[in-house]
Asks: 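Here you go, one structure.
FYI, side chains are in, hydrogens and waters are out, and symmetry mates aren't considered; it's all heavy atoms of this structure. Letters A, B, ... are given to chains in the order of the sequence lines, protein chains preceding strands, and every chain is numbered from 1.
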Amino acid sequence: MFKIGAFTFGGGYAMIPIMQEEFVARKGWVKDEDILDIFAIAQSMPGVIALNTSTFVGYRLAGVRGGLIAAIGIILPSFIIISVLSSIYLLFNTNPYVAAAFQGVRACVATLIIRAAYNMAKAGIKNWFGIVVAAIGFVLVALLQVNTIFVIIGAGIVGYLYGGRGK
Amino acid sequence: MIFWLLFFSFFKIGLFSIGGGYAMVPYITQVVTGQGWLTVAELADVLALAEMTPGPYAINCSTFVGMRMAGLLGAAVATIGVSTPSVLLSMLAAKYFYSFREKKAVQGVMSAFRPLVAALVAAAAITIGRTTFFSNGIDYAAIGITLVALVVTSRVKVHPILLIFIGAVVGILVYAVLPPLF
């Protein structure tokens, strides 16, 4: 678990193939068919995907202790590294080369997010309902700055009603 | 007291974010800037740092903000705060995994969440774009870098970390090395 936390950069979605390899192929903890379902659930649940997935797997393998150990394993490497980095952050900022590098990185991060948005839209918006939810959600959050909590709860309610109609 | 505030705020973040990663950016931004802990520009920096380092963005964020506001203990409190909902809910989900899946109600909710996550990520793009491109006048170079990177990555598969690294190098060239030459 510690290994996965330590060797996955970039957060969130970048961790998925690595987790898949580790959990299914290398360690045989999870069956192939199940891992996709687990990812889907981890994604629809609140919180961090990697954390959800590893806690889930840890729990299935070794109960509450397994879940907790898995969670700690994923969190610890990040925690240590960022703790160190954040203490030096101020030092970093004033160096012109570092500031320049950061701006370049920010531009690339923007690229990554744009691509992610595009891919998610392609994968997640499959019908008129999806388009409407996405459009309204986007307007509310991005343009009107509505508190995200309300948007999520609203979407949940709408989804529940829509789904309940037996589509 | 700052520790309770940190714990509670990040607990909320851990509880009310779906879709992970970038989809959490809008809410994290709202909470953290709402408390006056970081500016949007600083959050963009944390995102940049998070891309370069291991681990999920939310964890990186909680550690960073906690550290800045209240030292190592603050970092620990915030990180525990953001992780707790995940850990509890995941263990619950693991327990009831198979019985949950088929419920129509659950599927209904998930069917709304998927497009919403796309919208949230798009909102994140807007937020990051705004602060990257428009915080000190219009940064055409940054816009250029983003566009070029978009075109390149749509043709060639580039590992995110490599892209970040290239971004850092290009950034140094464009902003620090070239200007003095002209």
Asks: Find the distance between CG (B/Leu43) and SG (B/Cys61) and round it off to the nearest 0.5 Å.
Replies: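 Going from CG on B/Leu43 over to SG on B/Cys61, the span is 5.5 Å.
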Asks: Using non-hydrogen atoms only, which part of B/Val87 is less than 4.5 Å away from chain A: side chain, backbone, both, or neither?
Replies: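 Both backbone and side chain.
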Asks: What part of A/Phe129 is in contact with chain B, defined as an atom under 4.5 angstrom from a non-hydrogen atom: side chain, backbone, both or neither?
Replies: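 A/Phe129 touches chain B through side-chain heavy atoms alone.
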Asks: Any donor-acceptor pair under 3.5 Å linking the side chain of A/Thr111 with the backbone of A/Ala107?
Replies: yes
Asks: Within a strict 4.5 Å, meaning less than it, do heavy atoms of the A/Leu112 and B/Tyr22 side chains meet?
Replies: yes
Asks: Exactly one of B/Val152, B/Val151, B/Ile145 should register a side chain to side chain contact (heavy atoms under 4.5 Å, CB included) with B/Val148. Which one does?
Replies: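 That would be B/Val152.
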Asks: What part of B/Ile143 is in contact with chain A, defined as an atom under 4.5 angstrom from a non-hydrogen atom: side chain, backbone, both or neither?
Replies: neither
Asks: Quick check for you: among B/Thr79, B/Leu116, B/Leu89, B/Ile126, which has the greatest number of heavy-atom pairs under 4.5 Å with chain A?
Replies: B/Leu116
Asks: My understanding is that only residues two or more places apart in sequence, or in another chain, count here; which of them pass side-chain contact (heavy atoms from CB on, under 4.5 Å) with A/Ile114?
Replies: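 Once residues adjacent in sequence are excluded, the partners of A/Ile114 under the side-chain contact (heavy atoms from CB on, under 4.5 Å) criterion are B/Ala125, B/Thr146, B/Leu150.
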Asks: With side-chain hydrogen bond (donor to acceptor under 3.5 Å, both in side chains) as the test, pick out the partner of A/Arg106 among B/Asp45, B/Asp139, B/Thr132.
Replies: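 Result for side-chain hydrogen bond (donor to acceptor under 3.5 Å, both in side chains) with A/Arg106: B/Asp45.
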Asks: Quick check on B/Ser154 against chain A: is it the side chain, the backbone, both or neither that has a heavy atom closer than 4.5 Å?
Replies: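 B/Ser154 touches chain A through backbone and side-chain heavy atoms alike.
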Asks: Is chain A contacted by the side chain of B/Phe133, its backbone, both, or neither, given a heavy-atom distance below 4.5 Å?
Replies: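 When you check distances to chain A, only side chain atoms of B/Phe133 fall under 4.5 Å.
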Asks: With a 4.5 angstrom heavy-atom cut-off, which part of A/Val151 approaches chain B: side chain, backbone, both or neither?
Replies: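 For A/Val151, backbone and side chain are both near chain B.
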Asks: Just jot down the side-chain hydrogen bond (donor to acceptor under 3.5 Å, both in side chains) partners of B/Thr39, sequence neighbours excluded, or say none.
Replies: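 By the side-chain hydrogen bond (donor to acceptor under 3.5 Å, both in side chains) rule, B/Thr39 matches B/Glu42.
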Asks: Which one wins on heavy-atom pair count under 4.5 Å against chain A: B/Thr131, B/Leu163, B/Ile166?
Replies: B/Leu163
Asks: Under 4.5 Å, counting heavy-atom pairs only, tell me which of B/Met67, B/Gln30, B/Met24 racks up the most with chain A.
Replies: B/Gln30
Asks: Shorter than 4.5 Å, heavy atoms on both sides: which option in B/Ala58, B/Ala76, B/Gly129, B/Ala141 has the most such pairs with chain A?
Replies: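 Looking at each of B/Ala58, B/Ala76, B/Gly129, B/Ala141 in turn, B/Ala76 comes out on top.
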